[in-house]
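Just so you know, residue 1 is the first one in the sequence shown, and it goes up from there. Order of appearance sets the numbers: ligands from 1, and atoms from 1 within every ligand.
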Amino acid sequence: MKLNIIGLGYIGLPLAVFFAKSGMDVFGTDVNENLIKNLNDKKTFSKENELSPLLTEVIDTGKLKVSINIKEADTFIIAVPTPFKENHLPDLSHIEDAVKNVAKVLKHGNLIVLESTSPVGTTKHIQEMLKQLRPDLNIEKNIYIAYAPERMLPGNFSELLENDRIIGGINEESAQKAKELYKKIIKGDIFITTAETAEMVKLAENSFRDVNIAFANELSMICDKQNINVNDVINLANHHPRVNILKPGCGVGGHCVAVDPWFVVSQNPDEAKLIKQAREVNDYKPQFVIDKILNAIKELNIQNPSISCFGLAFKPDINDLRESPALFICEKLSELYKNIKVVEPNISTLPQKLQENGAELTGTDEALKSDIIVLLVEHKEFKQIKPQFDKNTQRLIDTRGIW
Ligand code: SAJ
């Protein structure tokens with residue numbers, strides 16, 4: 001059984017590795033020539049990454065081969081990004097490009113599985129595209145198409161294998177075929193449904209998370225105004241058996257929770273009022289934090305304050321800076337002030353813009369001497385310290401409530 005995975009990003013690459021490890025002949029395709037070269041040279045494998053030994057193994061045994069060109073296979077999995085473009089409208093161009101490529105090598109009886117988070121109707125759209133691109137194949141009858149949205153917390157590979165999965169088929173047979181495929185690696189239960197239901201399930205999951213985080217973020221801004229510690233409120237409220245408020249922070253980042261709810265909003269502008277509002281609350285939170293920092297600088301009444309930012313990643317204990325609200329806040333501060341220190345234990349060099357603006361990557365002790373200390377991400381290293389501050393000369397803004 002030959003499998004071709006298109007898109008070797010944070011979902012496609014682990015999928016390719018685990019399917020190859022299960023004994024399948026896997027071919028990975030990506031448009032990024034550099035990535036393909038590095039994978040073939042095993043250059044992108046880092047020691048800390050738990051996937052690395054497995055990746056080395058499947059490349060060495062030849063079970064996983066990678067290239068920029070697509071190859072014939074029995075099954076294709078599309079795992080490419082689905083960002084949004086202007087006005088938060090979904091950008092399906094990567095999926096469409098992948099489908100055009102698959103169409104070139106498609107044969108009777110092939111199965112195509114879409115993993116990328118997508119607006120409702122995308123799986124059907126793939127079928128329609130294929131009908132146009134390959135009129136010689138009777139697509140409805142001969143090609144199986146299913147949607148199997150990923151559910152893995154970025155970087156947490158055990159979730160990829162252990163979480164239950166939802167698979168939606170363009171028809172019953174397609175769903176069953178995709179389920180058989182995923183059973184090779186997934187230990188959790190696999191539930192099958194229609195393509196449209198599965199598409200909405202995925203969007204509902206991340207919208208649910210976004211709305212709940214927005215509640216916590218809104219509460220934090222309300223408590224701030226009323227001069228009440230929001231973390232005390234949340235800890236105490238969560239003693240109620242049916243209350244479970246999430247953690248407020250400096251905003252919502254990454255390529256999932258901050259993006260996917262817009263797909264629901266764009267398809268249902270009149271109905272998705274709460275989901276849209278939640279997105280706006282979470283998107284506003286970084287600016288709220290910046291305003292708090294500027295107020296603290298005013299209070300201290302200093303011209304050239306030193307500011308230390310703890311954490312740059314979009315969430316704790318990862319080195320992923322995609323759409324990170326912490327990075328956004330640091331960049332904005334570095335445009336305004338020259339003396340910016342950043343502590344980020346998960347990276348070894350600062351992103352270019354911060355470097356250009358003169359920000360410095362430093363250690364904890366030095367950073368704790370700054371006039372303004374901002375805790376942005378609750379990395380495990382930061383939870384282990386209990387810093388002392390001089391309340392007369394320093395200000396602490398702890399967006400995660402750990403200090
Ligand atoms: N965040 C908070 N407070 C919280 C929880 C999270 O501010 O209480 C912030 C994080 O710091 C981060 C953002 O929200 O900036 C998103 O983090 P996350 O852990 O909620 O989610 P992601 O984006 O890393 O992964 C999500 C997951 N979806 C759900 O939990 C419903 C994951 O299972 C999905 O596979 C992934 O999206 C995806 O790819 O769709």
Side-chain angles (χ1 to χ4, degrees), residues 7 9-15 79-84 90 114-119 147-166 186 188 198-221 230-231 234-235 237-238 243-264 275 278-279 281-286 288-289 310-329 344 346 375-380 382 398-402:
Y10 87 98
I11 292 294
L13 189 58
L15 268 181
V80 296
T82 41
F84 54 67
L114 176 66
E115 277 251 358
S116 320
T117 306
S118 308
Y147 181 56
E150 55 96 356
R151 267 186 169 172
M152 182 187 81
L153 214 53
N156 189 336
F157 303 112
S158 63
E159 281 210 357
L160 190 152
L161 303 177
E162 274 149 36
N163 286 355
D164 292 348
R165 294 291 294 263
I166 311 300
I186 303 289
E199 285 160 348
M200 188 54 99
V201 167
K202 173 67 197 185
L203 298 176
E205 289 167 6
N206 280 354
S207 300
F208 172 87
R209 186 118 175 112
D210 200 40
V211 168
N212 280 282
I213 299 169
F215 179 83
N217 276 333
E218 185 165 293
L219 190 64
S220 76
M221 295 187 273
V230 67
N231 300 299
I234 293 174
N235 288 338
N238 283 352
V243 174
N244 184 14
I245 305 173
L246 295 182
K247 286 200 201 102
C250 64
V252 168
H255 272 203
C256 312
V257 176
V259 175
D260 308 346
W262 287 118
F263 296 176
V264 182
I275 295 174
R279 269 293 61 247
V281 168
N282 286 333
D283 272 356
Y284 169 64
K285 194 70 199 285
F288 177 85
V289 173
F310 283 77
L312 268 195
F314 90 82
K315 60 189 251 176
D317 306 322
I318 54 170
N319 61 4
D320 193 336
L321 306 186
R322 292 177 305 167
E323 307 300 322
S324 168
L327 177 62
F328 172 83
I329 292 167
E344 178 44 87
N346 301 295
L375 188 285
L376 295 169
V377 189
E378 75 275 36
H379 290 314
K380 59 182 185 311
F382 302 158
D398 177 359
T399 69
R400 299 279 172 178
I402 61 165

- Query: Within 45 degrees of the axis of the six-membered ring of Phe382 and under 6.0 Å from its centre: does Arg400 put its NZ or CZ there?
  - Reply: no
With Arg151 as partner, the option from Glu162, Glu205, Glu159 fulfilling side-chain contact (heavy atoms from CB on, under 4.5 Å) is Glu205
Okay, side chain of [X], backbone of [Y]: is any donor-acceptor separation there less than 3.5 Å?
X      : Y      : result
Asn282 : Ala258 : no
Thr82  : Ser116 : no
Asn217 : Gly249 : yes

Q | Residue pairs involving residues 247-258 (criterion salt bridge (Lys or Arg N to Asp or Glu O under 4.0 Å); sequence neighbours excluded) | A |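 Salt bridge (Lys or Arg N to Asp or Glu O under 4.0 Å) check on residues 247-258 returns Lys247-Glu378.
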Protein neighbours of ligand 1 with a heavy atom under 4.0 Å, given by chain and number, are Tyr10, Glu150, Arg151, Met152, Leu153, Pro154, Lys202, Glu205, Asn206, Arg209, Ile213, Leu246, Lys247, Gly251, Val252, Gly253, Cys256, Val257, Asp260, Phe314, Lys315, Arg400
